[in-house]
Engineer: 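Got a structure for you, questions after.
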Amino acid sequence: MALSRRAKEVSPSATLQITAAAKRMIREGVDVVPFGAGEPDFDTPQVIKAAAIEAIKSGFTRYTPTTGIPELKEAIVKKFKADNGLEVEVSCVIVSCGAKHSLYNALQVLVDAGDEVLIPVPYWVSYPEMVKLAGGRPVPVVTRAADDFKVNASLLKKAVSPKTKVLILNSPSNPCGVVYRKEELKALADFCVTHDITCISDEIYEKIIFDGIAHVSIASLSEEMKKRTVTVNGFSKSFAMTGWRLGYLAADPAVAKAIANIQDHSTSNPTSFAQKGALAAFTLGEDFFAGIKKTFQERRDYIVGRLDALKGKLGYKLPEGAFYIFLDISKTGLDSFTFAKRLLEEKHVAVIPGAPFGLDTHVRLSFATGMETIKKGMDRIESWL
Ligand SMILES: Cc1ncc(COP(=O)(O)O)c(C=O)c1O
């Protein structure tokens, strides 16, 4: 059976591949340190589970409106206003099956065959593949470690062309925990306005930011920017709801309507009772997020201390958000796949190669795992090096 060109162009997810190999070893009884995980290690909060269970018990198990139940969309509108300073209409909010799905839908409605999408490097592995699936051309914009891996208008100007349609921004970022400040975002917003480019702003790690740094949504900077931004967020990372598959976006009315049409003919609504769980998630206050931030920040600080003790054998940029640290392995002389494969096979530590994130000189280490495991993993890495 002949596969479509589209299917052949898409690469398998490297993150999922390594995690699968590590999980297989764990099943076989090997004591693997899971530094590959892309999900929080804590359980979904009880209040969320209880709401979903109650929804199932009460028979809330049928189709809902395609773009989400009105009460959840209203809660998301409130969240955008309170957390992001963003005023959006309920009709401009679309709830989907994960932020991944929201991003996919956004690219489907914005990108035509041959359109170019600017993607700062290092990037989350799925962006280029999603652009290809929409028929577009991913244009990697290489950033410098010396600039903390941040993209700026001068780098973007070199990459822009008459075919450029979209810029994908991710703050806090996966894989290196970059958090853009307001002034930096203003410069990027000016660039988008000048070149008539739409920004897809992936803010899924919004709640995991360290050192008291504030999250800024690029859409909140001006009315003009709000019109040309699709703001994507979700429940996976903030509420440990990765398996629930719930994400959402806010967009200009025409874009939101087009996304609703696509969702109508593809997945229809996100799971009914999961939406009830998500609604309950909004009852968790800042105390809850403060606890998560503290836990992740302690882990980051511990890892950074251990890396400093290695005296430069592995380089790093201090992550300001998310739960990953992107390690510069160039001094080992290994490419990222060889590094990750050997570390897994020889020391049973799972990290993710940097090549699929656009940088073969790096690997991604996730600290979404308990402190004892982190200590064990860092001991093994140290002795292996
Ligand atoms: C940057 C980024 N965006 C989006 C997602 C997808 O999140 P979700 O589980 O809501 O689909 C991930 C998940 O790893 C991510 O790292």
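Whatever order the structure lists them in is the order used to number ligands and atoms, beginning at 1.
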Engineer: Which of the numbered atoms in ligand 1 are below 4.0 angstrom from a heavy atom of Lys237?
Structural biologist: 12 (C), 13 (C), 14 (O)

Engineer: Aromatic rings Phe191 and His195: how do their planes relate, parallel, tilted or perpendicular, breaks at 30° and 60°?
Structural biologist: tilted

Engineer: Can you see whether Glu116 engages Ser161 through a side-chain donor-acceptor pair at a distance of less than 3.5 angstrom?
Structural biologist: yes

Engineer: What do you reckon, does His101 put a non-hydrogen atom under 4.0 Å from ligand 1?
Structural biologist: no

Engineer: Classify the ring geometry between Phe210 and Phe367 as parallel (under 30°), tilted (30 to 60°) or perpendicular (over 60°).
Structural biologist: tilted

Engineer: Would a single hydrophobic cluster contain both Leu246 and Ile56, if residues Ile, Leu, Val, Met, Phe, Trp and Tyr are joined by side-chain heavy-atom contacts under 4.5 Å?
Structural biologist: no

Engineer: List ligand 1 atoms under 4.0 Å from Asp202, heavy atoms only on the residue side.
Structural biologist: 1 (C), 2 (C), 3 (N), 4 (C)

Engineer: Which ligand 1 atoms are under 4.0 Å away from a heavy-atom of Ser236?
Structural biologist: 8 (P), 9 (O), 10 (O)

Engineer: Salt bridge or not for Arg300 and Asp211, using N-O below 4.0 Å?
Structural biologist: yes

Engineer: Could you tell me which non-hydrogen atom of Pro270 sits nearest to which non-hydrogen atom of Ser96, and how far apart they are?
Structural biologist: CB-O, 3.8 Å

Engineer: Take every heavy atom of Phe235, measure it against each atom of ligand 1, and state whether any distance is under 4.0 Å.
Structural biologist: no

Engineer: Taking N or O atoms only and a 3.5 Å limit, does Asn174 qualify as a polar contact for ligand 1?
Structural biologist: yes

Engineer: Is there a path of hydrophobic side-chain contacts, each under 4.5 Å between heavy atoms of I, L, V, M, F, W or Y residues, that connects Leu385 with Ile352?
Structural biologist: no

Engineer: Measure the distance from atom 10 (O) of ligand 1 to every protein heavy atom, then report the residue, atom name and distance (to 0.1 Å) of the closest one.
Structural biologist: Ala99 N, 2.7 Å

Engineer: Distance under 6.0 Å and angle within 45° of the ring axis: does Lys237 meet both against Tyr205?
Structural biologist: no

Engineer: Number the atoms of ligand 1 from 1 as they appear, then name those within less than 4.0 Å of a heavy atom of Ile204, with their elements.
Structural biologist: 1 (C), 2 (C), 3 (N), 4 (C), 7 (O), 10 (O)

Engineer: If you count the atoms of ligand 1 from 1 in the order shown, which ones are under 4.0 Å from a heavy atom of Lys100?
Structural biologist: 6 (C), 8 (P), 11 (O)

Engineer: Classify the angle between the aromatic ring planes of Phe288 and Phe239 as parallel (below 30°), tilted (30 to 60°) or perpendicular (above 60°).
Structural biologist: parallel

Engineer: Against ligand 1, does Phe323 come closer than 4.0 Å with any heavy atom?
Structural biologist: no

Engineer: Distance to 0.1 Å, residue and atom name: give those for the protein heavy atom nearest to atom 5 (C) of ligand 1.
Structural biologist: Trp124 CH2, 3.4 Å

Engineer: Under 4.0 Å from a heavy atom of Gly98: which atoms of ligand 1 are those, numbered in the order shown and with their elements?
Structural biologist: 10 (O), 11 (O)

Engineer: Report, in ascending order of atom number, the atoms of ligand 1 lying under 4.0 Å from any heavy atom of Asn170.
Structural biologist: 1 (C)

Engineer: For ligand 1, which atoms sit closer than 4.0 Å to a heavy atom of Tyr127?
Structural biologist: 1 (C)

Engineer: Could you measure the distance from the CG atom of Leu118 to the CG atom of Leu169? Nearest 0.5 Å is fine.
Structural biologist: 10.0 Å

Engineer: Between Arg245 and ligand 1, which part of the residue brings a heavy atom under 4.0 Å of the ligand: side chain, backbone, both or neither?
Structural biologist: side chain

